[in-house]
Amino acid sequence: MSEISIVAAVADNYAIGKGNKLPWHLPADLKHFRELTTGHAVVMGKRTFESLPNGPLPNRKNVVLTSVMSEGVNEGYFEADSLEDALYLCEKEDKVFIVGGAAVYRQSLEIADSLYITWVHHEFSADIYFPEVDFSKWEEVSRQDLPADDKNPYPYSFVHYKRKK
């Protein structure tokens, strides 16, 4: 059975997207995301996939949830029409990362083993928000608080939560 983790960058007001883009640019978070997910499976919704600037994420098994399946073979990714089917496609993977968007996060919250949240310490105008989380069901296992710097304009925290047994 694969370990299922949600990975998200979330603003203080739970904003995660605006106009199908991140409302901020934090290179440290992109590096953190790459380090976590490389070599593993990533599951995402169609709009999240379409927002990727260079197509499928390299060195990862990309699974895209969609209600309209493509005809033929897709270059560099797989399609699934349900979260259950997406996870079935990933059953041989040791780790599966749910990487967005909001609807996929909402569906995954009850089955995820871990949350990797980059808290971006700022409030942003957004049209997509991370779902409310009942943190009484989660235990914080690690936290790294980082200040804003030349490349990362907002303070942020990398926090790993595990589901309480």
Side-chain angles (χ1 to χ4, degrees), residues 1-11 14-120 126-133 138 141-144 152 156-163:
M1 179 97 168
S2 306
E3 180 185 334
I4 300 169
S5 299
I6 288 175
V7 182
V10 183
Y14 278 65
I16 60 171
K18 184 166 186 173
N20 212 25
K21 291 185 170 66
L22 290 172
W24 53 76
H25 181 65
L26 285 175
D29 178 54
L30 298 175
K31 181 178 184 225
H32 178 68
F33 175 87
R34 189 172 55 250
E35 288 170 353
L36 274 175
T37 62
T38 295
H40 304 293
V42 290
V43 174
M44 68 196 88
K46 183 81 169 179
R47 284 191 301 265
T48 298
F49 179 72
E50 288 170 347
S51 76
L52 299 174
N54 303 314
L57 296 169
N59 305 312
R60 282 156 275 204
K61 180 176 192 170
N62 288 247
V63 180
V64 179
L65 281 170
T66 179
S67 57
V68 182
M69 304 290 268
S70 302
E71 295 203 14
V73 177
N74 299 305
E75 194 63 41
Y77 69 99
F78 300 89
E79 289 181 334
D81 61 5
S82 70
L83 183 59
E84 184 180 45
D85 286 351
L87 295 175
Y88 177 77
L89 287 171
C90 301
E91 70 179 356
K92 290 182 172 41
E93 305 293 325
D94 60 336
K95 292 183 179 180
V96 177
F97 291 94
I98 308 297
V99 300
V104 182
Y105 288 141
R106 219 176 346 275
Q107 290 177 53
S108 307
L109 263 176
E110 291 305 313
I111 60 166
D113 303 301
S114 284
L115 305 175
Y116 290 91
I117 306 290
T118 300
W119 290 106
V120 181
D127 53 21
I128 303 289
Y129 292 86
F130 196 74
E132 288 291 324
V133 177
W138 299 90
V141 291
S142 68
R143 170 184 286 267
Q144 186 180 9
N152 300 281
Y156 55 98
S157 301
F158 296 135
V159 185
H160 178 200
Y161 304 90
K162 281 220 174 270
R163 183 178 298 283

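In this chain, numbering begins with 1 at the start of the sequence shown.
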Closest non-hydrogen atom pair, Leu22 against Ile16: CD2-O, 3.6 Å
Testing the basics here: between Ala126 and Ala15, what is the closest heavy-atom pair and its distance to 0.1 Å? CB-CB, 3.4 Å
Can you measure from CG (Leu115) to CG (Leu109) and round to the nearest 0.5 angstrom? 6.5 Å
Please report the shortest heavy-atom distance between Gly101 and Thr48, naming the atom on each side. N-OG1, 2.9 Å
Does the side chain of Val63 reach to within under 4.5 Å of the side chain of Val42, using non-hydrogen atoms? no
Nearest 0.5 Å, please: how far is CG in Asn62 from CG in Leu52? 7.5 Å
What do you reckon, is CZ of Arg163 surrounded by more than 12 foreign heavy atoms closer than 6.0 Å? yes
Test item: Ile4 and Ile98 side chains (from C-beta on) under 4.5 Å apart, heavy atoms: yes
Quick one: which residue pairs count as a side chain to side chain donor-acceptor pair (under 3.5 Å) with a foot in residues 52-61, not counting sequence neighbours? Thr37-Arg60
Sequence neighbours excluded - side chain to side chain donor-acceptor pair (under 3.5 Å) pairs with any residue from residues 99-113: none
Could you give me the CA-CA distance, side-chain angles and deciding distance for Val96 and Val43, then say whether side chain to side chain contact (heavy atoms under 4.5 Å, CB included) is met? CA-CA 7 Å; Val96 177; Val43 174; 3.7 Å; yes
Check whether any side-chain heavy atom of Glu79 sits under 4.5 Å from a side-chain heavy atom of Ser70, and report yes or no. yes
Applying side chain to side chain contact (heavy atoms under 4.5 Å, CB included) to Met44 and Leu65, what does each step give before you reach the verdict? CA-CA 6 Å; Met44 68 196 88; Leu65 281 170; over 6 Å; no
My understanding is that only residues two or more places apart in sequence, or in another chain, count here; which of them pass ring pair (Phe, Tyr, Trp, His ring centres under 6.0 Å) with Tyr14? Trp119
Test side chain to side chain donor-acceptor pair (under 3.5 Å) applied to Lys18 - qualifying residues, sequence neighbours left out: Ser125
Gap between atom NE2 of His160 and atom OG of Ser114 - 0.5 Å precision: 3.0 Å
Please determine whether side chain to side chain contact (heavy atoms under 4.5 Å, CB included) holds for the pair Val64 and Phe78, giving the CA-CA distance in whole Å, both sets of side-chain angles, and the decisive distance to 0.1 Å. CA-CA 6 Å; Val64 179; Phe78 300 89; over 6 Å; no
Atom pair OH (Tyr156) and CG (Asp29), whose distance is rounded to the nearest 0.5 Å: 8.5 Å
Please lay out, stage by stage, how Glu91 and Ser2 fare under the test side-chain hydrogen bond (donor to acceptor under 3.5 Å, both in side chains). CA-CA 6 Å; Glu91 70 179 356; Ser2 306; over 6 Å; no
Got a sec, which residues hit ring pair (Phe, Tyr, Trp, His ring centres under 6.0 Å) with Trp24, two or more places apart in sequence or on another chain? Phe124
With side chains defined as the heavy atoms from C-beta onward, is the minimum distance between Trp138 and Lys162 less than 4.5 Å? no
Filter on ring pair (Phe, Tyr, Trp, His ring centres under 6.0 Å), then keep only pairs touching residues 38-72, sequence neighbours left out; what's left? His40-Phe97, Phe49-Tyr77
Check the pair Val159 / Tyr116 against side chain to side chain contact (heavy atoms under 4.5 Å, CB included), numbers first and verdict last. CA-CA 6 Å; Val159 185; Tyr116 290 91; over 6 Å; no
Mind checking whether Met69 and Asp81 have side chains closer than 4.5 Å, heavy atoms only? yes
Check Ala41 against Cys90 and note the closest heavy-atom contact, atom names and distance. CB-SG, 3.6 Å
When rounded to the nearest 0.5 Å, the distance separating CD1 of Ile6 from CZ of Phe130 is 5.0 Å
Atom pair OH (Tyr88) and OG (Ser82), whose distance is rounded to the nearest 0.5 Å: 12.0 Å
Report the C-alpha separation of His32 and Thr118 in whole Å, then their side-chain angles, then the decisive distance to 0.1 Å, and conclude whether the side-chain hydrogen bond (donor to acceptor under 3.5 Å, both in side chains) test is met. CA-CA 9 Å; His32 178 68; Thr118 300; 4.6 Å; no
